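Note that the structure is a prediction, hence the values are computed from the model and not measured. All values below were derived from every heavy atom in this structure, side-chain atoms included, with hydrogens, water molecules and symmetry-related copies excluded.
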Amino acid sequence: MTDVTTPLVIIGSVVAIAAFLLYVLSVQGAWLLAKIKLYLFTTDHRRIGWMYIVTGLVFFFIGGIYAVLIRTDLGFVQGLGMDPQTTLGITPDVYSVLFTMHGVLMIFMFVLPTLAGFGNFLVPSMIGSREMALPRINAIAFWLIPPAGVILILSNANAGWTGYVPLSIQAPGDGIDLWILGLHILTVSSMLGAVNFLVTILKHRAPGVHYWNMPLFVWAMLINSVLLIFALPSLSIGLTMILSDRVFGTHLLAAANGTPLGGALLYQNVFWFFAHPEVYIMVLPAFGIVSTILPKLARKDIFGYGAMAIALGAFAVLSFAVWEHHMFVTGISTNVRFVFMLATFAVAVPSAVKTFNWVATLWGGRIWMALPMWFCFAFITGFVIGGLSGVMLASIPVDYLYHGTYFVVAHFHYILLGGTLMAIFAGIYFYFPILTRRWYNQRLGQVHFVMTYVGVNVLLFPMFILGAEGMPRRVYTYLWAGNFQALNFLSTIGAYVLGIGQLVFAYNMMYSYFAGEPVTVSDPWGEELPARMTGPAAAPTPTRLPTPVPTASPPEVG
(Lines give C-alpha, C1' and ligand atoms only; values in the text may rest on other atoms or scores of the structure.)
Protein backbone atom coordinates (compact mmCIF):
# COMPACT_ATOMS: atom_id res chain seq x y z
CA MET A 1 0.00 0.00 0.00
CA THR A 2 1.12 3.54 -0.62
CA ASP A 3 1.59 6.16 2.09
CA VAL A 4 -1.79 7.66 1.19
CA THR A 5 -3.72 4.40 0.93
CA THR A 6 -3.01 3.18 4.47
CA PRO A 7 -4.44 6.20 6.34
CA LEU A 8 -7.44 6.27 3.97
CA VAL A 9 -8.19 2.62 4.75
CA ILE A 10 -7.89 3.28 8.49
CA ILE A 11 -10.12 6.38 8.31
CA GLY A 12 -12.69 4.54 6.21
CA SER A 13 -12.77 1.62 8.63
CA VAL A 14 -13.23 3.92 11.63
CA VAL A 15 -16.06 5.80 9.90
CA ALA A 16 -17.81 2.54 8.95
CA ILE A 17 -17.56 1.17 12.49
CA ALA A 18 -18.79 4.46 13.96
CA ALA A 19 -21.75 4.51 11.58
CA PHE A 20 -22.66 0.93 12.47
CA LEU A 21 -22.47 1.67 16.20
CA LEU A 22 -24.67 4.75 15.80
CA TYR A 23 -27.23 2.68 13.90
CA VAL A 24 -27.25 -0.02 16.59
CA LEU A 25 -27.59 2.63 19.33
CA SER A 26 -30.55 4.18 17.56
CA VAL A 27 -32.33 0.83 17.25
CA GLN A 28 -31.32 -1.04 20.42
CA GLY A 29 -29.55 1.61 22.47
CA ALA A 30 -30.76 0.66 25.95
CA TRP A 31 -30.18 -3.06 25.39
CA LEU A 32 -26.68 -2.45 23.96
CA LEU A 33 -25.59 -0.15 26.80
CA ALA A 34 -26.82 -2.65 29.39
CA LYS A 35 -24.87 -5.43 27.69
CA ILE A 36 -21.72 -3.30 27.47
CA LYS A 37 -21.91 -2.47 31.17
CA LEU A 38 -22.55 -6.11 32.03
CA TYR A 39 -19.54 -7.44 30.12
CA LEU A 40 -17.17 -4.51 30.70
CA PHE A 41 -16.99 -4.98 34.46
CA THR A 42 -17.69 -8.70 34.75
CA THR A 43 -15.49 -11.19 36.58
CA ASP A 44 -17.76 -14.14 35.78
CA HIS A 45 -15.72 -16.87 34.12
CA ARG A 46 -18.51 -17.74 31.68
CA ARG A 47 -18.86 -14.20 30.34
CA ILE A 48 -15.09 -13.81 30.15
CA GLY A 49 -15.01 -17.07 28.22
CA TRP A 50 -17.57 -15.66 25.78
CA MET A 51 -15.45 -12.54 25.29
CA TYR A 52 -12.30 -14.59 24.71
CA ILE A 53 -13.98 -16.70 22.02
CA VAL A 54 -15.73 -13.80 20.27
CA THR A 55 -12.52 -11.74 20.27
CA GLY A 56 -10.57 -14.69 18.90
CA LEU A 57 -13.09 -15.21 16.10
CA VAL A 58 -12.99 -11.51 15.15
CA PHE A 59 -9.22 -11.68 14.74
CA PHE A 60 -9.62 -15.00 12.93
CA PHE A 61 -11.49 -13.17 10.19
CA ILE A 62 -8.97 -10.30 10.17
CA GLY A 63 -6.05 -12.70 9.93
CA GLY A 64 -7.93 -14.59 7.24
CA ILE A 65 -8.15 -11.44 5.12
CA TYR A 66 -4.34 -11.20 5.17
CA ALA A 67 -4.15 -14.86 4.13
CA VAL A 68 -6.60 -14.40 1.25
CA LEU A 69 -4.55 -11.46 -0.05
CA ILE A 70 -1.41 -13.60 0.08
CA ARG A 71 -3.08 -16.46 -1.77
CA THR A 72 -4.66 -14.08 -4.31
CA ASP A 73 -1.19 -12.77 -5.13
CA LEU A 74 0.43 -16.21 -5.41
CA GLY A 75 -2.47 -18.09 -6.99
CA PHE A 76 -4.77 -15.89 -9.05
CA VAL A 77 -2.51 -12.97 -10.01
CA GLN A 78 0.77 -14.79 -10.63
CA GLY A 79 -0.95 -18.05 -11.47
CA LEU A 80 -2.59 -16.29 -14.40
CA GLY A 81 0.67 -14.62 -15.42
CA MET A 82 0.00 -11.10 -14.13
CA ASP A 83 2.34 -8.79 -12.23
CA PRO A 84 1.40 -8.52 -8.52
CA GLN A 85 2.87 -5.02 -8.19
CA THR A 86 0.78 -3.53 -10.99
CA THR A 87 -2.34 -5.67 -10.38
CA LEU A 88 -2.72 -5.60 -6.58
CA GLY A 89 0.03 -3.22 -5.57
CA ILE A 90 1.76 -6.02 -3.66
CA THR A 91 5.44 -5.15 -3.45
CA PRO A 92 7.98 -7.24 -1.51
CA ASP A 93 7.52 -4.92 1.49
CA VAL A 94 3.73 -5.18 1.38
CA TYR A 95 3.94 -8.95 1.08
CA SER A 96 6.21 -9.05 4.13
CA VAL A 97 3.60 -7.08 6.10
CA LEU A 98 0.81 -9.44 4.98
CA PHE A 99 2.89 -12.50 5.82
CA THR A 100 3.92 -11.15 9.23
CA MET A 101 0.52 -9.96 10.35
CA HIS A 102 -1.27 -13.10 9.18
CA GLY A 103 0.99 -15.34 11.26
CA VAL A 104 0.98 -13.15 14.37
CA LEU A 105 -2.77 -12.56 14.41
CA MET A 106 -3.69 -16.19 13.79
CA ILE A 107 -1.39 -17.53 16.49
CA PHE A 108 -1.51 -14.90 19.22
CA MET A 109 -4.91 -13.30 18.59
CA PHE A 110 -7.05 -16.22 17.40
CA VAL A 111 -5.86 -19.63 18.55
CA LEU A 112 -4.59 -18.74 22.03
CA PRO A 113 -7.53 -16.49 23.11
CA THR A 114 -10.14 -18.89 21.71
CA LEU A 115 -8.69 -21.89 23.53
CA ALA A 116 -8.39 -19.78 26.70
CA GLY A 117 -12.09 -18.99 26.29
CA PHE A 118 -12.97 -22.69 26.30
CA GLY A 119 -10.80 -23.06 29.39
CA ASN A 120 -12.68 -20.28 31.17
CA PHE A 121 -16.02 -21.86 30.30
CA LEU A 122 -15.23 -25.43 31.19
CA VAL A 123 -12.49 -25.77 33.80
CA PRO A 124 -14.36 -24.38 36.86
CA SER A 125 -17.47 -26.44 36.17
CA MET A 126 -15.46 -29.58 35.40
CA ILE A 127 -13.63 -29.45 38.73
CA GLY A 128 -16.62 -28.33 40.79
CA SER A 129 -15.47 -24.76 41.40
CA ARG A 130 -17.77 -21.76 41.35
CA GLU A 131 -15.25 -19.44 39.76
CA MET A 132 -11.64 -19.11 38.69
CA ALA A 133 -9.21 -18.74 41.59
CA LEU A 134 -8.38 -15.12 40.69
CA PRO A 135 -11.48 -13.60 39.03
CA ARG A 136 -10.16 -10.03 38.71
CA ILE A 137 -6.84 -11.23 37.34
CA ASN A 138 -8.90 -13.27 34.89
CA ALA A 139 -10.67 -10.13 33.68
CA ILE A 140 -7.40 -8.18 33.44
CA ALA A 141 -5.85 -10.99 31.38
CA PHE A 142 -8.66 -10.69 28.85
CA TRP A 143 -8.77 -6.90 28.65
CA LEU A 144 -5.08 -6.79 27.75
CA ILE A 145 -5.82 -8.67 24.52
CA PRO A 146 -7.95 -6.24 22.41
CA PRO A 147 -5.54 -3.25 22.73
CA ALA A 148 -2.60 -5.57 22.00
CA GLY A 149 -4.35 -6.71 18.83
CA VAL A 150 -4.93 -3.13 17.71
CA ILE A 151 -1.25 -2.29 18.36
CA LEU A 152 -0.16 -5.31 16.33
CA ILE A 153 -2.35 -4.35 13.36
CA LEU A 154 -1.19 -0.72 13.43
CA SER A 155 2.47 -1.81 13.61
CA ASN A 156 2.46 -3.15 10.03
CA ALA A 157 5.59 -5.08 11.00
CA ASN A 158 7.43 -6.73 8.15
CA ALA A 159 10.02 -9.03 9.78
CA GLY A 160 8.00 -12.24 9.54
CA TRP A 161 6.11 -13.69 12.49
CA THR A 162 9.42 -15.13 13.75
CA GLY A 163 11.13 -11.71 13.82
CA TYR A 164 14.45 -13.12 12.68
CA VAL A 165 17.52 -10.92 12.99
CA PRO A 166 19.13 -9.04 11.29
CA LEU A 167 15.91 -8.03 9.48
CA SER A 168 14.01 -7.20 12.67
CA ILE A 169 16.90 -5.06 13.94
CA GLN A 170 17.58 -3.23 10.71
CA ALA A 171 13.95 -2.62 9.64
CA PRO A 172 13.28 1.14 9.49
CA GLY A 173 10.47 2.97 11.24
CA ASP A 174 8.61 2.19 14.44
CA GLY A 175 6.68 -0.84 13.17
CA ILE A 176 8.89 -3.46 14.82
CA ASP A 177 8.89 -1.52 18.10
CA LEU A 178 5.08 -1.46 18.15
CA TRP A 179 5.02 -5.14 17.19
CA ILE A 180 7.25 -5.99 20.15
CA LEU A 181 5.07 -3.87 22.46
CA GLY A 182 1.95 -5.74 21.36
CA LEU A 183 3.61 -9.12 21.89
CA HIS A 184 4.87 -8.09 25.33
CA ILE A 185 1.32 -7.17 26.34
CA LEU A 186 0.03 -10.51 25.06
CA THR A 187 2.79 -12.29 26.97
CA VAL A 188 1.69 -10.64 30.22
CA SER A 189 -1.91 -11.62 29.45
CA SER A 190 -1.00 -15.25 28.78
CA MET A 191 1.15 -15.48 31.91
CA LEU A 192 -1.67 -14.13 34.08
CA GLY A 193 -4.09 -16.58 32.52
CA ALA A 194 -1.70 -19.51 32.94
CA VAL A 195 -1.11 -18.78 36.63
CA ASN A 196 -4.86 -18.44 37.14
CA PHE A 197 -5.60 -21.81 35.52
CA LEU A 198 -2.78 -23.45 37.43
CA VAL A 199 -3.97 -22.21 40.83
CA THR A 200 -7.61 -23.00 40.01
CA ILE A 201 -6.89 -26.60 39.00
CA LEU A 202 -4.42 -27.32 41.78
CA LYS A 203 -6.23 -25.63 44.68
CA HIS A 204 -9.92 -25.25 43.82
CA ARG A 205 -11.00 -28.78 42.99
CA ALA A 206 -14.13 -29.95 44.75
CA PRO A 207 -13.89 -32.85 47.21
CA GLY A 208 -13.76 -36.08 45.25
CA VAL A 209 -12.14 -34.52 42.16
CA HIS A 210 -8.65 -35.98 42.06
CA TYR A 211 -5.92 -35.92 39.43
CA TRP A 212 -6.81 -39.35 38.07
CA ASN A 213 -10.52 -38.75 37.67
CA MET A 214 -10.68 -35.15 36.43
CA PRO A 215 -11.61 -34.69 32.74
CA LEU A 216 -8.90 -34.82 30.10
CA PHE A 217 -9.68 -31.24 29.10
CA VAL A 218 -8.66 -30.15 32.60
CA TRP A 219 -5.44 -32.16 32.23
CA ALA A 220 -4.82 -30.41 28.90
CA MET A 221 -5.32 -26.93 30.40
CA LEU A 222 -3.12 -27.80 33.41
CA ILE A 223 -0.22 -28.92 31.21
CA ASN A 224 -0.87 -26.07 28.80
CA SER A 225 -0.48 -23.58 31.67
CA VAL A 226 2.84 -25.13 32.71
CA LEU A 227 4.10 -24.84 29.13
CA LEU A 228 3.11 -21.17 28.97
CA ILE A 229 4.87 -20.34 32.23
CA PHE A 230 8.14 -21.94 31.12
CA ALA A 231 8.07 -20.95 27.43
CA LEU A 232 6.88 -17.33 27.40
CA PRO A 233 9.90 -15.85 29.22
CA SER A 234 12.10 -17.02 26.35
CA LEU A 235 9.99 -15.02 23.88
CA SER A 236 10.14 -11.95 26.10
CA ILE A 237 13.93 -12.24 26.36
CA GLY A 238 14.37 -12.48 22.60
CA LEU A 239 12.04 -9.55 21.87
CA THR A 240 13.68 -7.41 24.55
CA MET A 241 17.08 -8.10 23.04
CA ILE A 242 15.83 -6.92 19.64
CA LEU A 243 14.25 -3.82 21.17
CA SER A 244 17.42 -3.03 23.10
CA ASP A 245 19.55 -3.31 19.97
CA ARG A 246 17.14 -1.13 18.00
CA VAL A 247 16.57 1.59 20.59
CA PHE A 248 19.68 1.63 22.78
CA GLY A 249 22.30 0.24 20.38
CA THR A 250 23.40 -2.44 22.83
CA HIS A 251 24.58 -4.95 20.17
CA LEU A 252 23.25 -7.96 22.06
CA LEU A 253 22.32 -9.55 18.74
CA ALA A 254 24.11 -7.15 16.40
CA ALA A 255 27.73 -6.11 16.02
CA ALA A 256 29.00 -2.69 15.01
CA ASN A 257 29.90 -3.97 11.54
CA GLY A 258 26.58 -5.70 10.97
CA THR A 259 24.90 -8.76 12.41
CA PRO A 260 27.23 -11.76 12.74
CA LEU A 261 26.09 -15.33 12.34
CA GLY A 262 26.32 -15.77 16.10
CA GLY A 263 23.67 -13.13 16.75
CA ALA A 264 21.25 -14.71 14.28
CA LEU A 265 21.78 -18.18 15.77
CA LEU A 266 21.44 -16.90 19.33
CA TYR A 267 18.07 -15.33 18.52
CA GLN A 268 16.86 -18.47 16.72
CA ASN A 269 17.72 -20.61 19.74
CA VAL A 270 15.94 -18.23 22.10
CA PHE A 271 12.92 -17.88 19.82
CA TRP A 272 12.41 -21.55 19.01
CA PHE A 273 12.83 -22.56 22.65
CA PHE A 274 9.56 -20.67 23.02
CA ALA A 275 7.96 -21.30 19.63
CA HIS A 276 8.09 -25.08 19.52
CA PRO A 277 6.36 -25.52 22.89
CA GLU A 278 3.97 -22.88 21.53
CA VAL A 279 2.87 -25.38 18.88
CA TYR A 280 1.77 -27.76 21.65
CA ILE A 281 0.24 -24.87 23.58
CA MET A 282 -1.96 -24.35 20.53
CA VAL A 283 -2.93 -28.01 20.19
CA LEU A 284 -3.15 -29.46 23.73
CA PRO A 285 -6.51 -27.79 24.57
CA ALA A 286 -7.75 -29.01 21.17
CA PHE A 287 -6.87 -32.55 22.29
CA GLY A 288 -8.92 -31.92 25.41
CA ILE A 289 -11.94 -30.67 23.45
CA VAL A 290 -11.93 -33.71 21.15
CA SER A 291 -11.42 -36.06 24.11
CA THR A 292 -14.53 -34.53 25.70
CA ILE A 293 -16.81 -34.67 22.65
CA LEU A 294 -15.92 -38.13 21.28
CA PRO A 295 -17.00 -40.15 24.35
CA LYS A 296 -20.22 -38.17 24.70
CA LEU A 297 -21.32 -38.69 21.10
CA ALA A 298 -20.00 -42.27 20.91
CA ARG A 299 -21.84 -43.21 24.12
CA LYS A 300 -18.66 -44.74 25.57
CA ASP A 301 -16.05 -43.84 28.14
CA ILE A 302 -12.77 -42.56 26.73
CA PHE A 303 -10.47 -45.47 25.93
CA GLY A 304 -7.25 -45.51 27.96
CA TYR A 305 -7.78 -42.51 30.23
CA GLY A 306 -4.47 -42.98 32.04
CA ALA A 307 -2.49 -43.36 28.82
CA MET A 308 -4.15 -40.23 27.41
CA ALA A 309 -3.20 -38.16 30.46
CA ILE A 310 0.37 -39.46 30.42
CA ALA A 311 0.62 -38.72 26.69
CA LEU A 312 -0.33 -35.09 27.39
CA GLY A 313 2.49 -34.91 29.92
CA ALA A 314 4.90 -36.51 27.45
CA PHE A 315 4.07 -33.77 24.94
CA ALA A 316 4.98 -31.17 27.55
CA VAL A 317 8.36 -32.74 28.34
CA LEU A 318 9.34 -33.44 24.75
CA SER A 319 8.23 -30.03 23.50
CA PHE A 320 11.22 -28.45 25.26
CA ALA A 321 13.65 -30.99 23.80
CA VAL A 322 13.12 -30.56 20.05
CA TRP A 323 13.49 -26.84 19.25
CA GLU A 324 16.78 -27.33 17.42
CA HIS A 325 15.08 -29.21 14.56
CA HIS A 326 14.02 -25.78 13.29
CA MET A 327 17.74 -25.09 12.83
CA PHE A 328 18.98 -28.24 11.09
CA VAL A 329 20.11 -26.20 8.06
CA THR A 330 22.07 -23.57 10.04
CA GLY A 331 25.30 -25.55 10.22
CA ILE A 332 25.11 -26.78 13.81
CA SER A 333 27.02 -29.88 14.90
CA THR A 334 25.93 -33.21 13.43
CA ASN A 335 25.90 -34.79 16.90
CA VAL A 336 23.53 -32.08 18.16
CA ARG A 337 21.27 -32.53 15.16
CA PHE A 338 21.17 -36.30 15.69
CA VAL A 339 20.02 -35.95 19.31
CA PHE A 340 17.26 -33.52 18.36
CA MET A 341 16.20 -35.75 15.46
CA LEU A 342 15.69 -38.67 17.88
CA ALA A 343 13.78 -36.43 20.31
CA THR A 344 11.53 -35.28 17.47
CA PHE A 345 10.86 -38.86 16.42
CA ALA A 346 9.90 -39.58 20.04
CA VAL A 347 7.06 -37.04 19.80
CA ALA A 348 5.33 -39.46 17.44
CA VAL A 349 4.78 -41.92 20.32
CA PRO A 350 2.32 -39.85 22.43
CA SER A 351 0.71 -38.63 19.18
CA ALA A 352 0.10 -42.23 18.11
CA VAL A 353 -1.20 -43.15 21.58
CA LYS A 354 -3.80 -40.40 21.48
CA THR A 355 -4.88 -41.16 17.92
CA PHE A 356 -5.22 -44.87 18.69
CA ASN A 357 -7.27 -44.12 21.81
CA TRP A 358 -9.62 -41.79 19.94
CA VAL A 359 -10.25 -44.47 17.31
CA ALA A 360 -10.65 -47.12 20.01
CA THR A 361 -13.20 -44.90 21.75
CA LEU A 362 -15.24 -44.86 18.55
CA TRP A 363 -14.89 -48.60 17.97
CA GLY A 364 -18.06 -50.37 18.98
CA GLY A 365 -19.79 -47.17 20.08
CA ARG A 366 -23.25 -45.99 19.13
CA ILE A 367 -21.99 -42.94 17.29
CA TRP A 368 -24.31 -39.97 16.88
CA MET A 369 -23.10 -38.35 13.67
CA ALA A 370 -23.94 -34.84 14.83
CA LEU A 371 -22.03 -31.86 13.50
CA PRO A 372 -19.45 -31.75 16.33
CA MET A 373 -18.56 -35.37 15.54
CA TRP A 374 -17.96 -34.42 11.90
CA PHE A 375 -15.41 -31.85 13.01
CA CYS A 376 -13.81 -34.36 15.41
CA PHE A 377 -13.30 -36.76 12.50
CA ALA A 378 -11.86 -33.88 10.47
CA PHE A 379 -9.53 -33.08 13.38
CA ILE A 380 -8.21 -36.65 13.52
CA THR A 381 -7.52 -36.82 9.77
CA GLY A 382 -5.89 -33.38 9.70
CA PHE A 383 -3.77 -34.09 12.75
CA VAL A 384 -2.60 -37.42 11.30
CA ILE A 385 -1.55 -35.79 8.01
CA GLY A 386 0.25 -32.99 9.86
CA GLY A 387 1.89 -35.44 12.26
CA LEU A 388 3.12 -37.84 9.57
CA SER A 389 4.61 -34.99 7.55
CA GLY A 390 6.28 -33.81 10.77
CA VAL A 391 7.92 -37.23 11.18
CA MET A 392 9.28 -36.85 7.65
CA LEU A 393 10.72 -33.41 8.47
CA ALA A 394 12.32 -34.79 11.64
CA SER A 395 14.74 -36.71 9.43
CA ILE A 396 17.83 -34.55 8.87
CA PRO A 397 18.33 -35.46 5.16
CA VAL A 398 14.66 -34.88 4.35
CA ASP A 399 14.64 -31.58 6.27
CA TYR A 400 17.66 -30.42 4.26
CA LEU A 401 15.57 -30.82 1.11
CA TYR A 402 12.27 -29.42 2.37
CA HIS A 403 13.14 -26.94 5.14
CA GLY A 404 12.88 -23.77 3.07
CA THR A 405 9.96 -24.93 0.94
CA TYR A 406 6.18 -24.98 1.04
CA PHE A 407 6.30 -28.53 2.41
CA VAL A 408 6.91 -27.04 5.87
CA VAL A 409 4.08 -24.54 5.34
CA ALA A 410 1.69 -27.41 4.56
CA HIS A 411 2.86 -29.43 7.59
CA PHE A 412 2.46 -26.56 10.04
CA HIS A 413 -0.91 -25.48 8.67
CA TYR A 414 -2.27 -29.03 8.71
CA ILE A 415 -1.60 -29.08 12.45
CA LEU A 416 -3.34 -25.72 12.98
CA LEU A 417 -6.05 -25.65 10.29
CA GLY A 418 -6.61 -29.38 9.86
CA GLY A 419 -6.23 -29.95 13.61
CA THR A 420 -6.73 -27.08 16.04
CA LEU A 421 -9.26 -25.16 13.90
CA MET A 422 -11.42 -28.27 13.46
CA ALA A 423 -11.36 -28.90 17.21
CA ILE A 424 -12.37 -25.29 17.90
CA PHE A 425 -15.35 -25.59 15.56
CA ALA A 426 -16.27 -28.94 17.15
CA GLY A 427 -16.24 -27.25 20.55
CA ILE A 428 -18.28 -24.27 19.35
CA TYR A 429 -20.99 -26.45 17.79
CA PHE A 430 -21.02 -28.79 20.81
CA TYR A 431 -21.34 -26.11 23.49
CA PHE A 432 -23.44 -23.57 21.55
CA PRO A 433 -26.80 -25.23 22.38
CA ILE A 434 -25.66 -25.84 25.97
CA LEU A 435 -24.69 -22.23 26.63
CA THR A 436 -27.24 -20.31 24.54
CA ARG A 437 -30.12 -22.82 24.91
CA ARG A 438 -30.70 -22.43 21.17
CA TRP A 439 -29.88 -24.75 18.29
CA TYR A 440 -27.82 -23.58 15.34
CA ASN A 441 -29.14 -24.19 11.84
CA GLN A 442 -28.15 -27.76 11.03
CA ARG A 443 -28.12 -27.33 7.24
CA LEU A 444 -25.93 -24.23 7.39
CA GLY A 445 -23.63 -26.02 9.83
CA GLN A 446 -23.25 -28.91 7.39
CA VAL A 447 -22.49 -26.49 4.56
CA HIS A 448 -19.89 -24.85 6.78
CA PHE A 449 -18.27 -28.19 7.55
CA VAL A 450 -18.08 -29.29 3.91
CA MET A 451 -16.65 -25.96 2.74
CA THR A 452 -14.17 -25.89 5.63
CA TYR A 453 -12.97 -29.47 5.19
CA VAL A 454 -12.76 -29.28 1.41
CA GLY A 455 -11.24 -25.79 1.56
CA VAL A 456 -8.52 -26.77 4.05
CA ASN A 457 -7.43 -29.81 2.06
CA VAL A 458 -7.56 -28.11 -1.35
CA LEU A 459 -5.63 -25.19 0.16
CA LEU A 460 -2.92 -27.18 1.90
CA PHE A 461 -2.33 -30.47 0.09
CA PRO A 462 -1.00 -28.83 -3.11
CA MET A 463 1.60 -27.15 -0.90
CA PHE A 464 3.15 -30.55 -0.18
CA ILE A 465 3.63 -31.03 -3.91
CA LEU A 466 4.89 -27.47 -4.32
CA GLY A 467 7.44 -28.07 -1.59
CA ALA A 468 8.52 -31.38 -3.13
CA GLU A 469 9.03 -29.55 -6.44
CA GLY A 470 11.15 -26.92 -4.71
CA MET A 471 8.97 -23.82 -4.37
CA PRO A 472 10.50 -21.68 -1.60
CA ARG A 473 8.38 -20.26 1.21
CA ARG A 474 8.43 -16.66 2.47
CA VAL A 475 8.66 -15.22 -1.06
CA TYR A 476 6.16 -12.93 -2.76
CA THR A 477 6.85 -14.15 -6.28
CA TYR A 478 8.24 -17.28 -7.89
CA LEU A 479 9.71 -18.58 -11.12
CA TRP A 480 7.54 -20.16 -13.78
CA ALA A 481 8.78 -23.67 -13.18
CA GLY A 482 7.08 -27.05 -13.12
CA ASN A 483 3.52 -26.94 -11.80
CA PHE A 484 3.98 -23.85 -9.63
CA GLN A 485 1.27 -21.81 -11.34
CA ALA A 486 -1.34 -24.58 -11.51
CA LEU A 487 -0.80 -25.75 -7.94
CA ASN A 488 -0.83 -22.21 -6.53
CA PHE A 489 -4.02 -21.53 -8.46
CA LEU A 490 -5.62 -24.68 -7.03
CA SER A 491 -4.45 -23.80 -3.52
CA THR A 492 -5.95 -20.33 -3.81
CA ILE A 493 -9.31 -21.80 -4.86
CA GLY A 494 -9.19 -23.79 -1.61
CA ALA A 495 -8.48 -20.59 0.33
CA TYR A 496 -11.55 -18.89 -1.15
CA VAL A 497 -13.76 -21.93 -0.47
CA LEU A 498 -12.51 -21.95 3.12
CA GLY A 499 -13.12 -18.21 3.50
CA ILE A 500 -16.65 -18.33 2.11
CA GLY A 501 -17.41 -21.21 4.47
CA GLN A 502 -16.47 -19.05 7.44
CA LEU A 503 -18.95 -16.40 6.31
CA VAL A 504 -21.63 -19.11 6.42
CA PHE A 505 -20.48 -19.97 9.95
CA ALA A 506 -20.61 -16.34 11.10
CA TYR A 507 -24.14 -15.87 9.75
CA ASN A 508 -25.30 -19.14 11.33
CA MET A 509 -23.93 -18.21 14.76
CA MET A 510 -25.32 -14.67 14.80
CA TYR A 511 -28.75 -15.67 13.48
CA SER A 512 -29.05 -18.71 15.75
CA TYR A 513 -28.02 -16.75 18.85
CA PHE A 514 -31.11 -14.57 18.49
CA ALA A 515 -33.56 -16.71 16.50
CA GLY A 516 -32.43 -20.33 16.69
CA GLU A 517 -34.81 -23.06 17.74
CA PRO A 518 -34.94 -23.31 21.55
CA VAL A 519 -33.38 -26.30 23.26
CA THR A 520 -36.20 -28.06 25.09
CA VAL A 521 -34.21 -30.70 27.01
CA SER A 522 -31.74 -30.35 29.85
CA ASP A 523 -28.94 -32.07 27.92
CA PRO A 524 -28.92 -31.29 24.18
CA TRP A 525 -26.50 -34.15 23.57
CA GLY A 526 -28.37 -36.72 25.64
CA GLU A 527 -29.57 -40.03 24.27
CA GLU A 528 -30.70 -39.61 20.67
CA LEU A 529 -33.12 -41.66 18.58
CA PRO A 530 -31.43 -44.86 17.32
CA ALA A 531 -32.37 -43.95 13.74
CA ARG A 532 -29.93 -41.02 13.87
CA MET A 533 -27.07 -43.08 15.25
CA THR A 534 -24.76 -45.70 13.78
CA GLY A 535 -23.01 -48.62 15.37
CA PRO A 536 -24.51 -51.56 17.24
CA ALA A 537 -27.73 -50.93 19.09
CA ALA A 538 -27.71 -51.05 22.85
CA ALA A 539 -28.43 -54.44 24.35
CA PRO A 540 -32.00 -54.54 25.60
CA THR A 541 -32.37 -54.36 29.33
CA PRO A 542 -33.61 -57.74 30.56
CA THR A 543 -37.10 -57.59 31.95
CA ARG A 544 -37.17 -58.35 35.62
CA LEU A 545 -39.73 -61.02 36.37
CA PRO A 546 -42.08 -60.27 39.25
CA THR A 547 -41.44 -62.17 42.45
CA PRO A 548 -44.12 -64.85 42.90
CA VAL A 549 -46.63 -64.04 45.62
CA PRO A 550 -46.67 -66.85 48.19
CA THR A 551 -50.00 -68.56 48.48
CA ALA A 552 -51.75 -68.89 51.83
CA SER A 553 -51.37 -72.20 53.60
CA PRO A 554 -54.51 -74.36 53.53
CA PRO A 555 -56.34 -74.58 56.81
CA GLU A 556 -55.60 -77.57 58.91
CA VAL A 557 -58.28 -80.21 58.99
CA GLY A 558 -58.79 -81.85 62.26
Side-chain angles (χ1 to χ4, degrees), residues 41-53 55-56 107-149 181-206 209-211 214-240 270 273-289 309 312-313 315-317 319-320:
F41 301 104
T42 186
T43 57
D44 181 78
H45 69 95
R46 292 176 294 272
R47 294 196 184 104
I48 292 175
W50 264 117
M51 293 191 291
Y52 265 115
I53 293 176
T55 301
I107 291 173
F108 294 100
M109 295 302 304
F110 164 55
V111 175
L112 295 184
T114 305
L115 294 176
F118 279 106
N120 269 275
F121 267 131
L122 301 178
V123 166
S125 60
M126 284 183 170
I127 65 174
S129 174
R130 287 186 177 182
E131 186 54 81
M132 296 289 286
L134 307 167
R136 294 182 181 178
I137 297 295
N138 197 27
I140 293 172
F142 167 76
W143 284 112
L144 289 172
I145 291 177
L181 173 62
L183 290 178
H184 273 321
I185 296 173
L186 290 174
T187 299
V188 173
S189 169
S190 296
M191 288 291 284
L192 292 175
V195 171
N196 205 354
F197 278 117
L198 205 59
V199 175
T200 302
I201 296 170
L202 295 180
K203 296 297 183 181
H204 283 245
R205 299 191 311 275
V209 180
H210 306 292
Y211 289 115
M214 64 185 187
L216 286 171
F217 181 80
V218 180
W219 267 111
M221 292 304 299
L222 175 65
I223 297 170
N224 188 67
S225 301
V226 174
L227 287 178
L228 282 168
I229 290 172
F230 282 96
L232 284 172
S234 183
L235 174 65
S236 297
I237 290 169
L239 294 176
T240 303
V270 171
F273 187 79
F274 149 78
H276 197 84
E278 175 74 2
V279 175
Y280 297 94
I281 289 168
M282 291 188 289
V283 79
L284 283 176
F287 291 163
I289 292 172
L312 290 171
F315 275 120
V317 174
S319 68
F320 285 103

For residues Met221 and Pro285, determine if any side-chain heavy atom of one lies less than 4.5 Å from a side-chain heavy atom of the other.
yes

Quick one: pull up CG in Leu284 and CD1 in Ile289 and give me the separation to the nearest 0.5 Å.
11.5 Å

With Arg47, which residues qualify under side-chain hydrogen bond (donor to acceptor under 3.5 Å, both in side chains), at least two apart?
none

Can you name the residues that form a side-chain hydrogen bond (donor to acceptor under 3.5 Å, both in side chains) with Asn120, not counting sequence neighbours?
Asn138

Pair Phe217 + Phe118: ring centers closer than 6.0 Å
no

With Thr240, which residues qualify under side-chain hydrogen bond (donor to acceptor under 3.5 Å, both in side chains), at least two apart?
His184

For Phe320, I'd like to know if atom CZ has over 12 heavy atoms of other residues, nucleotides or ligands within 6.0 Å.
yes

Tyr211 and Trp219 aromatic ring geometry - parallel, tilted or perpendicular at 30°/60° bounds
tilted

Find the distance between CG (Asn196) and NE2 (His204) and round it off to the nearest 0.5 Å.
9.0 Å

Working for side chain to side chain contact (heavy atoms under 4.5 Å, CB included), residues Ile53 and Phe121:
CA-CA 10 Å; Ile53 293 176; Phe121 267 131; 3.6 Å; yes

Mind checking whether Val270 and Phe274 have side chains closer than 4.5 Å, heavy atoms only?
no

Less than 4.5 Å apart, any side-chain heavy atom of Leu186 and any of Leu144?
no

Does the side chain of Asn224 reach to within under 4.5 Å of the side chain of Phe197, using non-hydrogen atoms?
no

Is there a side chain to side chain contact (heavy atoms under 4.5 Å, CB included) between Val188 and Met191 once you walk through the steps?
CA-CA 5 Å; Val188 173; Met191 288 291 284; 5.8 Å; no

Kindly indicate whether the side chain of Leu112, heavy atoms from C-beta on, has any atom under 4.5 Å from the side chain of Ile145.
no

Drop me the distance from Phe142's CZ to Thr42's OG1, to the nearest 0.5 angstrom.
11.0 Å

To the nearest 0.5 Å, what is the distance between CZ (Arg46) and CD (Glu131)?
7.0 Å

Would you call Arg205 and Val218 a side-chain contact if the rule is heavy atoms closer than 4.5 Å?
no

Report yes if some heavy atom in the side chain of Leu227 is under 4.5 Å from a heavy atom in the side chain of Ser319; otherwise report no.
yes

Check: Ser125 side chain, Leu122 main-chain N or O, donor-acceptor pair, under 3.5 Å:
yes

Go through the steps to decide whether Phe287 and Leu216 satisfy the test side chain to side chain contact (heavy atoms under 4.5 Å, CB included), and finish with yes or no.
CA-CA 8 Å; Phe287 291 163; Leu216 286 171; over 6 Å; no

Would you say the side chain of Leu222 lies within less than 4.5 Å of the side chain of Val123, judging by non-hydrogen atoms?
no

